[in-house]
Amino acid sequence: MSVSEKFYQAFLYNDRWLQYLRGVGTTLLVTVIALAIGIVIGTVVALIRTAHDQQKGQRHPLLSAVNVILQIYVTVIRGTPMMVQLLIMAMVIFASSRNFTLVGALTLGINSGAYVAEIVRGGLMAVDSGQMEAGRSLGLNYITTMRFVIIPQAIKAVLPALGNEFIILLKDTSLITFIGGKELLYAAQGIMNRTYEAMFPLLIVAGMYLILVMIFTWLLGKFERKLRQSDRR
Amino acid sequence: MIDVKGLKKQFDDHMVLDGIDLSVEKGDVICIVGPSGCGKSTFLRCLTHLEEPTGGEIYLDGELITDRQIDDIRARMGMVFQHFNLFPNMTVRKNITLAPVQRKMMTQKEADAEAERLLERIGLLEKADVYPAMLSGGQKQRIAIVRALAMKPDVLLFDEPTSALDPEMVGEVLQLMQDLAREGMTMVVVTHEMGFAREVANRVIFIDEGIIKEDEPPEEFFAHPKNQRLQDFLSKVL
Ligand SMILES: Nc1ncnc2c1ncn2[C@@H]1O[C@H](COP(=O)(O)OP(=O)(O)O)[C@@H](O)[C@H]1O
Ligand SMILES: [Mg+2]
């Protein structure tokens, strides 16, 4: 087979390019779902852990217990390979589920939550301690001060890092192929299995990931510049 | 109004306040002076439990201050910080109205009217809808004072309110504080502005080695300081 024939087989024959595009769609969807799960988990974990760290005087026993559990969650997730986590979820915890893509998205989300938690915690701690003191000194309670004063300032600080997390997740979605999740790399594998040709499907997939990552990196850069401008105001 | 009895504060093994006794009467303007690091900020912060006292008691109108009702206590004791601590994520108006509205003292409408009245008074009404980043240091501090006033506090605590300001802006802040004092506001002011202490305070206090070493009307305090360390301190700052 000539090179052009191989490319034809890998991309154009039977409208195979559609399979890649569908793969891109799934990849983006899984990334968005995973990031959404990650942000929810990460924010809750960060708020609880921050509340635990910020309490003065005698410590609340329930808060301490929950804090220990969350610390274990963060340590385990960040201390084990994503691939192993995916296999455990797919073959042990959700062994009976056939929806591998969704199991993959959920696993990525739980994984991302641990990283987002650290990002958000960093953002909350980066807000000047005088802000909390000013809020509390006006007679506002801890939660009200967090809600109106601290969290809005922290969000602005963590948005760039969350954008980064999105890009990391986008690439990590390729791992769910190995548990049968139907994303971009999965499409390439299906085609490879039919043509017995690896080069073009893999190069095409690599190119597509690269283009996606470049687009989002560019958007993120634009967004960050805008944020910084609004800082100067 | 405020009664402090045997207040102690220790950081690890460092005893910063070693038994402070003080009674603040309604209408008092008390200036606290002393060398840097002597515990002036710590004392003010202990009054509203921004720092947890290690020992002693603090009463507001006869009521013992504990952590349980601390939000209600703080609503009655305004605090003005050296670095203003305005909320940069909200407009001046929102800075002023947030606490009265959230504490359900006023509706948003009432709070807006009150904010405008207070801003008018300090000549900054046109800044109501700008963000703090647009303001000068003097404007920020006057708005921080007004933010505390919007809570209609019984007493205002100031921690070096002019120390972070460019010299040309010190006057406008001191003027506002002097006006408040004239109107009968009870104030406890940590300051290095000896002129202000002399002119406006009715009592001046010197803290050293964790205790109150001198507590006199300003004439006596500045003209005939009894404590040796106060004499040294005054000879350096005057
Ligand atoms: N959070 C803290 N932890 C440990 N030491 C502190 C803390 N805050 C203040 N100190 C110490 O307490 C002493 C008094 O501080 P401070 O009240 O800020 O003094 P002042 O306001 O009179 O300059 C200083 O020696 C300072 O280092
Ligand atoms: Mg100080």
Side-chain angles (χ1 to χ4, degrees), chain A residues 43 46-47 50-64 120 122-160 162 223-233, chain B residues 41 44-45 47-54 66-91 94-105 130-135 140 143-144 147-153 156-159 164:
Chain A
T43 306
L47 286 173
T50 306
H52 173 268
D53 293 348
Q54 284 179 344
Q55 57 187 331
K56 287 183 184 167
Q58 75 272 51
R59 311 217 129 182
H60 198 287
L62 180 64
L63 203 51
S64 297
V120 174
L124 290 172
M125 287 192 305
V127 176
D128 176 21
S129 62
Q131 294 288 306
M132 176 59 81
E133 291 185 350
R136 299 306 305 274
S137 291
L138 287 163
L140 300 175
N141 62 31
Y142 178 81
I143 290 175
T144 308
T145 309
M146 286 301 273
R147 175 173 158 209
F148 290 100
V149 178
I150 308 297
I151 293 175
Q153 293 182 52
I155 286 176
K156 220 172 150 184
V158 302
L159 280 178
L162 285 184
F223 177 67
E224 276 182 54
R225 272 193 297 281
K226 237 191 161 140
L227 268 187
R228 253 178 283 132
Q229 268 167 7
S230 74
D231 267 348
R232 273 183 246 125
R233 240 192 292 257
Chain B
S41 298
L44 274 197
R45 293 161 60 80
L47 290 183
T48 64
H49 282 214
L50 282 180
E51 300 287 354
E52 200 73 23
T54 317
T66 65
D67 274 338
R68 280 196 19 208
Q69 21 72 311
I70 195 64
D71 291 337
D72 299 333
I73 295 289
R74 285 172 178 159
R76 293 160 57 193
M77 298 172 82
M79 182 78 131
V80 176
F81 300 90
Q82 181 175 353
H83 295 286
F84 331 131
N85 296 350
L86 290 180
F87 306 132
N89 58 315
M90 28 183 125
T91 60
K94 194 78 202 290
N95 263 276
I96 299 171
T97 60
L98 179 71
V101 172
Q102 287 303 318
R103 282 197 56 92
K104 305 208 167 23
M105 288 169 54
V130 309
Y131 286 84
M134 296 284 290
L135 303 169
K140 281 183 194 165
I143 285 166
R147 176 174 71 175
L149 282 177
M151 291 297 291
K152 308 200 185 304
L156 276 182
L157 312 175
F158 296 81
D159 191 0

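The figures here come from the full heavy-atom set of this structure, side chains too, leaving out hydrogens, waters and symmetry mates. Just so we're on the same page: letters track the sequence lines, and every chain starts at 1.
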Which bit of B:Met77 comes within less than 4.5 Å of chain A, counting heavy atoms only: side chain, backbone, both or neither?
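Contact with chain A: backbone only.
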Any heavy-atom pair between the side chains of B:Asp71 and A:Arg136 that's under 4.5 Å?
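With C-beta onward as the side chain, the pair touches.
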Indicate the atoms forming the closest heavy-atom contact of A:Leu140 with B:Ala99, along with that distance.
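Answer, listing the atom of A:Leu140 first, then B:Ala99: CD2-CA, 3.8 Å.
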Less than 4.5 Å apart, side chain to side chain, heavy atoms only: is that true for A:Thr144 and B:Arg103?
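Result no, sub-4.5 Å side-chain heavy-atom pair not found.
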Return the option, out of B:Asp72, B:Val80, B:Asn85, B:Leu157, with the maximum number of heavy-atom pairs under 4.5 Å with chain A.
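Most pairs with chain A among the choices: B:Asn85.
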Report the distance from atom CD1 of A:Ile151 to atom CG of B:Asn89, rounding to the nearest 0.5 Å.
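Between A:Ile151 CD1 and B:Asn89 CG, I get 11.0 Å after rounding to 0.5 Å.
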What are the two closest heavy atoms between B:Leu98 and A:Phe148, and how far apart are they?
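Of all heavy-atom pairs spanning B:Leu98 and A:Phe148, the closest is CD1-CG, 3.8 Å.
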Using non-hydrogen atoms only, which part of B:Leu86 is less than 4.5 Å away from chain A: side chain, backbone, both, or neither?
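Backbone only.
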For B:Arg147, is it the side chain, the backbone, both, or neither that has a heavy atom closer than 4.5 Å to a heavy atom of chain A?
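For B:Arg147, the contact with chain A is made by backbone and side chain together.
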How many angstroms lie between NE2 in B:His49 and OG in A:Ser137, if you round to the nearest 0.5 Å?
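B:His49 atom NE2 to A:Ser137 atom OG measures 12.5 Å (nearest 0.5 Å).
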Residue pair A:Ala134 / B:Phe87: nearest heavy atoms and the distance that separates them:
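Looking at all heavy atoms of both residues, the closest pair is CB-CE2, 3.9 Å.
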Within a strict 4.5 Å, meaning less than it, do heavy atoms of the B:Arg74 and A:Leu138 side chains meet?
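No - every pair of side-chain heavy atoms lies 4.5 Å or more apart.
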For chain A, which candidate among B:Lys94, B:Gln102, B:Met79, B:His83 shows the most heavy-atom pairs at distances under 4.5 Å?
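Winner by heavy-atom pair count: B:Gln102.
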Is it the backbone or the side chain of B:Phe81 that comes under 4.5 Å from a heavy atom of chain A, or both, or neither?
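Answer is side chain: those atoms of B:Phe81 sit under 4.5 Å from chain A.
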